[in-house]
> 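Encoded as structure tokens, here's the structure I'll be asking about.
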Amino acid sequence: MTDLNYHHLHLFRAVAHDGNLTRTAEKLHLSQSAISVQIRKLEDRLGHLLFDRRGRQLHLTEAGRIALDHADAIFAVGDELLGTLRDAGRGLQVLRVGALATLSRNFQLGFLRPVLGQPGTEVILRSGSLSELLSLLETLNLDVVLTNQPPQRDATTPFVSHRLAEQPVSLVGTPARLKATTSLAQRLATLPIILPSTNSSIRIGFDALVAQLGIRPSIVAEVDDMAMMRLLAREDAGLAVLPLIAIKDELELGILIDAERLPGISETFYAVTLDRRFPNPMLQRLISPAAES
């Protein structure tokens with residue numbers, strides 16, 4: 001039996017991701033006919049058509065989709081091996097970290113602190129949306145993703161979520177704003193409130209709390225970014241609903257005050273990884289093996 005030709009598999013994968021033979025041929029500096037011949041040889045080897053050809057567009061068949069999943073996994077392992085051995089060969093350990101763009105900067109710094117400035121180490125930090133970062137993680141362009149929104153884990157999304165910390169959430173504001181001593185219900189009912197967006201776990205908990213108290217708060221801002229919420233609170237635009245780690249420096253300097261912990265509301269932080277054959281050794285210093293879900 002003839003072994004699988006990985007060059008054929010590489011060309012098939014390139015065309016499958018492009019969805020266009022002409023575009024792939026231009027990228028690889030090959031003729032369309034040469035690529036077509038190689039893909040037909042792969043189809044003959046596998047015994048199935050991989051593409052449904054509709055005009056100029058190529059659409060994966062069911063067998064093509066299965067083949068692409070395996071091809072992606074095969075070449076991802078190869079990239080992982082090359083990256084691991086390349087970094088080991090030059091005596092430099094590189095940790096590639098993705099962080100949700102709206103995540104607390106203080107939390108990110110606290111997570112990375114054990115490896116920052118260590119001899120022979122380099123940290124590459126990227127921010128973005130959760131979908132963008134998980135895509136980079138899946139293609140091994142990141143080693144870990146920091147988030148407060150753990151992804152689902154199933155057969156098609158093999159992510160491992162490590163629960164790192166759970167932070168209490170408080171109503172915070174300037175000393176001037178909180179000068180008068182009032183109850184939580186009075187503050188929520190009478191003072192301007194700065195909240196995270198409606199799809200966050202903090203906001204969901206806050207909405208449940210005010211519904212339980214029978215209060216309609218005066219919302220002056222809805223903000224995705226914790227750093228922006230912190231700045232608005234510093235400017236005395238209102239009381240902000242934030243995890244305390246996001247305002248650690250302001251609390252120490254007395255710029256903001258922790259008025260009151262909000263019952264039943266917390267922010268959970270996760271490190272998301274893949275179950276890799278060659279895990280980045282730097283991660284072992286940052287993530288507890290027991291903290292998985």
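As the structure is a prediction and not an experimental result, all values here were calculated from the model.
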> Under the 3.5 angstrom rule, does the side chain of Gln38 hit a backbone N or O of Ile35 as a donor-acceptor pair?
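Pair absent, no side-chain N/O of Gln38 close to backbone of Ile35.
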> Filter on salt bridge (charged side-chain N to carboxylate O under 4.0 Å, His left out), then keep only pairs touching residues 192-205, sequence neighbours left out; what's left?
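The answer is Arg203-Asp207, Arg203-Glu222.
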> Taking only residues two or more places apart in sequence, or in another chain, which ones meet Glu252 in a side chain to side chain donor-acceptor pair (under 3.5 Å)?
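By the side chain to side chain donor-acceptor pair (under 3.5 Å) rule, Glu252 matches Lys248.
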> Going by the rule ring-ring contact (aromatic ring centres under 6.0 Å, His included), which residues pair with Phe269 if we only count those two or more places apart in sequence or in a different chain?
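Scan of Phe269 (ring-ring contact (aromatic ring centres under 6.0 Å, His included), adjacent residues dropped) gives Phe107.
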> Without swapping roles, check the side chain of Glu138 against the backbone of Ser135 for a donor-acceptor pair under 3.5 Å.
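Flag not set: sc Glu138 to bb Ser135 has no pair under 3.5 Å.
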> Once side chain to side chain contact (heavy atoms under 4.5 Å, CB included) is applied, do any residues pair with Ser197, and if so which ones, sequence neighbours excluded?
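Applying side chain to side chain contact (heavy atoms under 4.5 Å, CB included) to Ser197 gives Asn199, Asp224.
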> Within the 4.5 Å heavy-atom criterion, are Pro192 and Leu239 side-chain neighbours or not?
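Of all side-chain heavy-atom pairs linking Leu239 with Pro192, none is under 4.5 Å.
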> The criterion is side chain to side chain donor-acceptor pair (under 3.5 Å); which residues satisfy it with Arg234, sequence neighbours excluded?
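Counting only residues at least two positions away or on another chain, Arg234 forms a side chain to side chain donor-acceptor pair (under 3.5 Å) with Glu250.
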> Apply side chain to side chain donor-acceptor pair (under 3.5 Å) to Thr174 and list each qualifying residue two or more places apart in sequence or on a separate chain.
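In terms of side chain to side chain donor-acceptor pair (under 3.5 Å), with neighbours along the sequence ignored, Thr174 is linked to Asp236.
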> Write down the atom of Leu95, the atom of Leu112, and the distance for their closest heavy-atom approach.
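Smallest interatomic distance, heavy atoms only, reads CD2-CD2, 4.3 Å.
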> Identify all side-chain donor-acceptor contacts of residues 209-218 below 3.5 Å with residues at least two apart in sequence or on another chain.
none

> Are any non-hydrogen side-chain atoms of Val272 and Leu137 less than 4.5 angstrom apart?
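Heavy-atom side-chain distance check passes, below 4.5 Å.
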> Please table the atom pairs, donor to acceptor, closer than 3.5 Å between any side-chain atom in residues 62-70 and protein atoms at least two apart or in another chain.
none

> Taking the side chain as every heavy atom from C-beta outward, state whether Leu164 and Leu146 have any atom pair closer than 4.5 Å.
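Counting from C-beta outward, Leu164 and Leu146 do come under 4.5 Å.
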> Could you tell me if the side chain of Val97 sits less than 4.5 Å from the side chain of Arg126, heavy atoms only?
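SC-SC contact between Arg126 and Val97 ruled out.
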> Does Glu260 have any salt bridge (charged side-chain N to carboxylate O under 4.0 Å, His left out) partners at least two apart in sequence or in another chain, and if so, which?
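For Glu260, the residues satisfying salt bridge (charged side-chain N to carboxylate O under 4.0 Å, His left out) (neighbours in sequence not counted) are Arg187.
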> Return the set of residues passing side chain to side chain donor-acceptor pair (under 3.5 Å) with Gln167 (not counting sequence neighbours), or none when no residue passes.
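Gln167 satisfies side chain to side chain donor-acceptor pair (under 3.5 Å) with no residue once adjacent residues are dropped.
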> By side chain to side chain contact (heavy atoms under 4.5 Å, CB included), which residues pair with Ala208, not counting sequence neighbours?
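Listed in chain order: nothing, the list is empty.
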> Distance-only, no hydrogens or angles: does the Thr268 side chain make a donor-acceptor pair with backbone N or O of Glu166 under 3.5 Å?
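No, because the side chain of Thr268 does not come within donor-acceptor range (under 3.5 Å) of the backbone of Glu166.
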> With sequence neighbours excluded, give me every side-chain hydrogen bond (donor to acceptor under 3.5 Å, both in side chains) pair touching residues 102-115.
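Non-adjacent pairs meeting side-chain hydrogen bond (donor to acceptor under 3.5 Å, both in side chains): zero.
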> Near His48 NE2, under 6.0 Å, is it more than 12 heavy atoms from other residues, nucleotides or ligands?
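Not buried by this count: 12 neighbours or fewer within 6.0 Å.
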